[in-house]
Enquirer: 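Quick one: the structure is below, questions incoming.
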Amino acid sequence: MSEAYNKLIDKNKAWAIEKKDTNPDYFTKIQLPQKPPFLYIGCSDSRMPLDTYTQTDPGQLFVHRNIANQVSLTDINFLSVLEYAVNVLKVKHIIVCGHYQCGGVEAAYSNKAEGLVGNWVNPIRDLVLKFDDELNNIKDRHLRLNRLSELNVMKQVENLYKTTIVQRALEANPDQFQIHGWVLDLSNGLIIELDMPHERWLRKGLVKPEWLE
Ligand code: CO
């Protein structure tokens with residue numbers, strides 16, 4: 001076994017002992033049924049553990065992660081997570097969180113992604129074409145990619161509104177949950193809340209949720 005691997009197991013033991021020492025009820029409480037207030041849809045990137053950035057404990061975030069935080073309307077894995085989070089767990093917030101310096105976004109932009117990953121990030125290629133003018137007006141490549149990461153999050157939030165899962169839930173109760181789009185800036189660890197036209201993405205005839213007033 002490698003040293004890095006052994007360290008994982010050792011760190012786990014030390015963590016479990018410390019938790020029990022400082023809070024004897026910790027593991028009793030964790031075994032209770034989960035009631036997480038948040039669904040986190042994020043990038044698989046190893047630098048993106050949202051619980052670290054938000055100091056959330058186990059039980060707070062229900063998580064779906066994939067390369068470049070895609071809300072794919074044909075991904076049965078993602079749709080199952082969304083359905084369970086909305087219909088069973090009844091989360092109060094759905095968060096799509098991208099990040100700057102995203103390898104998936106960069107690969108899509110530079111046409112470098114190969115094989116299955118190339119397929120997977122193809123929707124971001126579409127965004128590059130759609131926002132051609134806006135992106136080309138940003139001279140600095142780093143800033144241009146940052147903007148593309150933001151546009152990607154906005155597109156994925158728009159996709160959320162297209163799912164029948166979200167539409168049915170909003171039909172029944174416009175305020176069952178709030179939807180948020182974030183990017184995380186890896187250079188300072190801060191979350192940026194993105195403004196986006198939620199109202200435009202609500203299906204016609206649906207009541208506007210109070211949180212959008
Ligand atoms: Co990424």
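Both ligands and their constituent atoms are indexed starting at 1 by order of listing.
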Enquirer: Run the side-chain contact (heavy atoms from CB on, under 4.5 Å) test against P37 and tell me which residues pass, sequence neighbours left out.
Expert: Q60
Enquirer: Applying the side-chain hydrogen bond (donor to acceptor under 3.5 Å, both in side chains) criterion to T54, which one of T52, T56, D51 satisfies it?
Expert: T56
Enquirer: Everything protein-side that's N, O or S and under 2.8 Å from the Co ion (ligand 1): list it, residue and atom.
Expert: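 Counting only protein N, O or S atoms under 2.8 Å from the Co ion (ligand 1), the list reads C43 SG, H99 NE2, C102 SG.
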Enquirer: V71 and side chain to side chain contact (heavy atoms under 4.5 Å, CB included): which partner among I94, L160, N66?
Expert: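 It is L160, the one option of I94, L160, N66 that forms the side chain to side chain contact (heavy atoms under 4.5 Å, CB included) with V71.
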Enquirer: When you measure from the centre of the six-membered ring of Y26, is the NZ or CZ of K19 closer than 6.0 Å and no more than 45° off the axis?
Expert: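 Positive - K19 is close enough to the ring of Y26 and near enough to its axis.
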Enquirer: Once you measure the plane-to-plane angle for F62 and Y84, does it fall in the parallel (<30°), tilted (30-60°) or perpendicular (>60°) bin?
Expert: tilted
Enquirer: If we count only N and O atoms by modelled type, under 3.5 Å, do the side chains of Q70 and N152 hold a donor and an acceptor together?
Expert: yes
